[in-house]
Amino acid sequence: QVQLVESGGGLVQAGGSLRLSCAASGPIFSRYAMAWFRQAPGKEREFVAGINWSGSITKHADSVKGRFTISRDNAKNTVNLQMNSLQSEDTAVYYCAGRRTLVVVTTEWECDDWGQGTQVTVSS
């Protein structure tokens with residue numbers, strides 16, 4: 001099990017950028033697939049991006065492809081989400097999540113460990 005703490009959220013104007021980070025505790029982070037999810041007010045939580053244990057495979061939701069990029073640094077126990085060209089529809093609480101598996105995770109039920117979330121607000 002790993003403990004996950006997100007950071008980097010905030011208020012940004014439409015068209016701007018933010019970089020979210022998720023710091024993980026524990027020595028086995030490198031064996032975890034990691035993902036970012038988000039939940040907008042009144043909506044269900046949805047998958048944003050996922051990355052496998054080594055960083056060699058990534059998946060992004062269609063709604064963020066070309067704008068968001070997930071990456072990880074196993075030496076620093078961190079996973080990041082670079083968000084560019086932000087839109088008001090990206091406003092949500094963003095969650096970091098993970099599972100000890102070799103494959104990329106893309107659904108909530110696959111994830112065993114979750115962070116508390118970080119708020120991203122995009123003003124139009």
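Source: prediction; values computed, not measured.
Under the side chain to side chain donor-acceptor pair (under 3.5 Å) criterion, Arg31 pairs with no residue at all, not counting sequence neighbours. Ala14 is linked by a side-chain contact (heavy atoms from CB on, under 4.5 Å) to Val122, counting only residues two or more places apart in sequence or in another chain. When the ring-ring contact (aromatic ring centres under 6.0 Å, His included) test is applied to Phe37, the partners found at least two apart in sequence or on another chain are Phe47, Trp114. For Gln1, the side chain to side chain donor-acceptor pair (under 3.5 Å) test picks out no residue, with sequence neighbours left out. Applying the salt bridge (charged side-chain N to carboxylate O under 4.0 Å, His left out) rule to Glu108 yields the partners Arg45; only residues at least two apart in sequence or on another chain are considered. Applying the side chain to side chain donor-acceptor pair (under 3.5 Å) criterion to Ser56, with sequence neighbours excluded, gives Asn52, Ser54. Under the salt bridge (charged side-chain N to carboxylate O under 4.0 Å, His left out) criterion, Lys65 pairs with Asp62, sequence neighbours left out. A search for side chain to side chain donor-acceptor pair (under 3.5 Å) contacts involving Gln119 returns Thr121, not counting sequence neighbours. Under the rule for a ring-ring contact (aromatic ring centres under 6.0 Å, His included), Phe68 has no partner lying at least two apart in sequence or in another chain. Residues satisfying the side-chain contact (heavy atoms from CB on, under 4.5 Å) criterion with Ser17, sequence neighbours excluded, are Gln82, Asn84.
Hydrophobic cluster membership for Val104: Ile57 (Ile, Leu, Val, Met, Phe, Trp, Tyr linked by side-chain heavy atoms under 4.5 Å, directly or transitively).
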Apply side chain to side chain donor-acceptor pair (under 3.5 Å) to the pair Asn80 and Ser21, showing each step before the final yes or no.
CA-CA 4 Å; Asn80 303 302; Ser21 290; 2.8 Å; yes
Full working for side chain to side chain contact (heavy atoms under 4.5 Å, CB included) between Asn77 and Ser25:
CA-CA 7 Å; Asn77 277 20; Ser25 64; over 6 Å; no
Would Val93 and Thr118 count as a side chain to side chain contact (heavy atoms under 4.5 Å, CB included) if you check the C-alpha gap in whole Å, the side-chain angles of each, and the deciding distance to 0.1 Å?
CA-CA 5 Å; Val93 177; Thr118 184; over 6 Å; no
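Separating the CE atom in Met34 from the OG1 atom in Thr78 is a distance of 9.5 Å, to the nearest 0.5 Å. Atom CZ of Arg72 and atom OH of Tyr32 lie 11.0 Å apart (nearest 0.5 Å). Atom CZ in Arg19 sits 9.5 Å away from atom OG1 in Thr69 (nearest 0.5 Å). The CD atom of Gln87 sits 11.0 Å away from the OG atom of Ser124 when rounded to the nearest 0.5 Å. The distance from atom CD1 of Ile28 to atom CG of Asn74, rounded to the nearest 0.5 Å, is 12.0 Å. The distance from the CE atom of Met83 to the CG atom of Leu18 is 4.5 Å, given to the nearest 0.5 Å.
The closest side-chain heavy-atom distance from Val120 to Thr91 is not below 4.5 Å. Counting only heavy atoms from C-beta outward, the side chains of Cys96 and Val79 approach each other to under 4.5 Å. In this structure, the side chains of Val103 and Trp53 stay at 4.5 Å or more apart for every pair of heavy atoms. Looking at Ile70 and His60, their side chains come closer than 4.5 Å, going by heavy atoms from C-beta outward.
Linking ILVMFWY residues whenever their side-chain heavy atoms come closer than 4.5 Å, directly or via other members, leaves Val105 and Ile51 in distinct clusters.
Remark: the backbone N or O of Ser85 is paired with a side-chain donor or acceptor of Arg67 at under 3.5 angstrom. Between the side chain of Glu6 and the backbone N or O of Gln116 there is at least one donor-acceptor pair closer than 3.5 Å.
Evaluation of the side-chain hydrogen bond (donor to acceptor under 3.5 Å, both in side chains) test over residues 92-102, restricted to residues two or more places apart or in two chains, returns Arg38-Tyr94.
A side chain to side chain contact (heavy atoms under 4.5 Å, CB included) with Cys22 is found for one member of Val2, Leu81, Leu4 and no other, namely Leu4.
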